[in-house]
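Side chains included, hydrogens not; waters and symmetry mates left out as well; all remaining heavy atoms used.
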Amino acid sequence: MVQEKKLVDEVSGWLRIYDDGSVDRTWTGPPEVKFMIEQVAPHEQFIEGVATRDVTTSMTTTNDGSIHRARLYLPEITSKHNKKLPILIHFHGGGFCISEPNWFMYYHVYTQFVRCTHSICVSPFLRRAPENRLPAAIDDGFATLKWLQSVAKGDVRDSWLEEYGDFDKVFLIGDSSGGNLVHEVAARAGSADLSPIRLAGAIPIHPGFVRSIRSQSEIEMPPSPFLTLDMVDKLLNLALPIGSNKDHPFTCPMGTAAPPIDGLKLPPFLLCVAEKDLMRDTEMEYYEAMKKANKEVDLFVSKGMTHCFYLNKIAMDMDPTVRSQMNALIGRVKEFIEKH
């Protein structure tokens, strides 16, 4: 008789863990939002001005046997545009445990991003916890940057990046836990030889910076469809190295346990914050720590918005305020890219 496996833990509709160590990421939340996590197939023909394809970024398998991959987004090039395009390396969110770059929620955002900023996006498929706890996703993020360097050197080939990419204008961008990766990968890049590419800037959007003690905004701000305190606690417990708490440098880079920010070689930063984000206060702590360390950091605040509001396609379609705030965010990112 086969013994039925037992549920050990779950994260509200997103993820379930069983006593045999298996993880089930089948969506069990409201069916009307399931379309947002459906996978979008790559298409090399241009649809609404954007083509996408998946590439292998390393033939070396990871410890779980997977191969490093990334999704590329390329905007349609017009005859009037004769400049090389900036390259965005995008790290998806999901508390290090859920989400993939080919989900519709990211597809609808990053097709808009590359159209409006006129840039190429490279979004790696990051290893996820709890099967692969941190620093696995950080390693994957940095490996993507090194892969880009290999393309720039001509050691590996990618026709889109070789023909259209500007290796002198490479930016890291990521939202939620992906924003944490932006800081970690940028810090690693500061002590590495990346020539001939230049890391021109870093853009953490609503990063998952927290402390073990609740901040005022965590206590006072309402939960959002993409973030509740229960989700934060459970996902980070699954993602951080065993025995760590939220004061770990991966989630609290401005804390005393983290390498001092003034000792890091960092590119210019654009920190994007949502006014009603649960993690707003700790994100602002990070901003103040960056300024105190004399790092070049700009701040952009989305008024009245919650954590990663732009991923919610339903709200984007139905609420003109959400749509206008998304346009303002993309506009500010575009301005930052053009400046650097």
Please answer whether the main-chain N or O of D155 pairs with a side-chain N or O of S150 as donor and acceptor at a distance below 3.5 Å.
no
Compare every heavy atom of A152 with every heavy atom of I197, then report the nearest pair and how far apart it is.
CG2-CB, 3.5 Å
Donor-acceptor contact present, side-chain D298 to main-chain L270, <3.5 Å
no
Using a 6.0 Å distance limit plus a 45 degree cone around the ring axis, check whether R25 lies over the aromatic ring of W14.
no
Main-chain N/O of F113 paired with T117 side-chain donor or acceptor, under 3.5 Å
yes
Check whether any side-chain heavy atom of E296 lies under 4.5 Å from a side-chain heavy atom of F269, and answer yes or no.
no
More than 12 non-hydrogen atoms from neighbouring residues, nucleotides or ligands closer than 6.0 Å to CD1 on I219, yes or no?
yes
What orientation do H183 and Y286 show, parallel under 30°, tilted 30 to 60°, or perpendicular over 60°?
perpendicular
Is it true that a side-chain atom of K84 and a backbone atom of E162 form a donor plus acceptor pair closer than 3.5 Å?
yes
Can you tell me if K276 has over 12 outside heavy atoms packed within less than 6.0 Å of its NZ?
no
Hey, are the side chains of M279 and L227 touching, using non-hydrogen atoms and a 4.5 Å cut-off?
yes
Determine, using ring centers only, whether H68 and F125 are less than 6.0 Å apart.
no
Under a 3.5 Å threshold, yes or no: a donor from one side chain and an acceptor from the other, between H92 and S123?
no
Does the R115 side chain pair with the main chain of E48, one donor and one acceptor, at a distance under 3.5 Å?
yes
Same cluster or not: are V11 and V8 linked, directly or through other Ile, Leu, Val, Met, Phe, Trp or Tyr residues, by side-chain heavy atoms under 4.5 angstrom apart?
no
Can you confirm whether S217 sits close enough to L278 that some side-chain heavy atom of one is under 4.5 Å from a side-chain heavy atom of the other?
no
Whether the H206 and D175 side chains hold a donor-acceptor pair (N or O, under 3.5 Å, no angle test) is what I'd like checked.
no
Look only at the side chain of D281 and the backbone of S215, and say whether a donor-acceptor pair between them is shorter than 3.5 Å.
no
For the residue pair Q112 / N327, report whether a side-chain donor-acceptor contact shorter than 3.5 Å exists.
yes
Take atom CD1 in I213; do more than 12 heavy atoms of anything else shown fall under 6.0 Å from it?
no
Side-chain heavy atoms of I205 within contact of I203, under 4.5 Å:
yes
Donor-acceptor pair, side chain of E275 and main chain of G304, under 3.5 angstrom
yes
Would you say I120 and V114 make side-chain contact, with heavy atoms under 4.5 Å?
no
Go through the side-chain N and O atoms of T228 and D230 and say whether any donor and acceptor fall under 3.5 Å apart.
no
Could you check whether F171 and H90 have their ring centres less than 6.0 Å apart?
no
Do R323 and D319 meet the salt-bridge criterion of a basic N to acidic O distance under 4.0 Å?
no
So does K6 get a backbone contact from the side chain of D19, meaning a donor-acceptor N/O pair under 3.5 Å?
yes
Counterpart residues, side chain to side chain contact (heavy atoms under 4.5 Å, CB included), relative to E32 (two or more places apart)
P30
Given side chains that start at C-beta, do those of P241 and R133 come closer than 4.5 Å, heavy atoms only?
no
Y18 backbone acceptor or donor facing S22 side chain under 3.5 Å
no
Give a yes or no on whether the backbone of T306 and the side-chain of D277 come within a donor-acceptor separation of less than 3.5 Å.
no
Does the side chain of F167 come within less than 4.5 Å of I87's, by heavy atoms?
yes
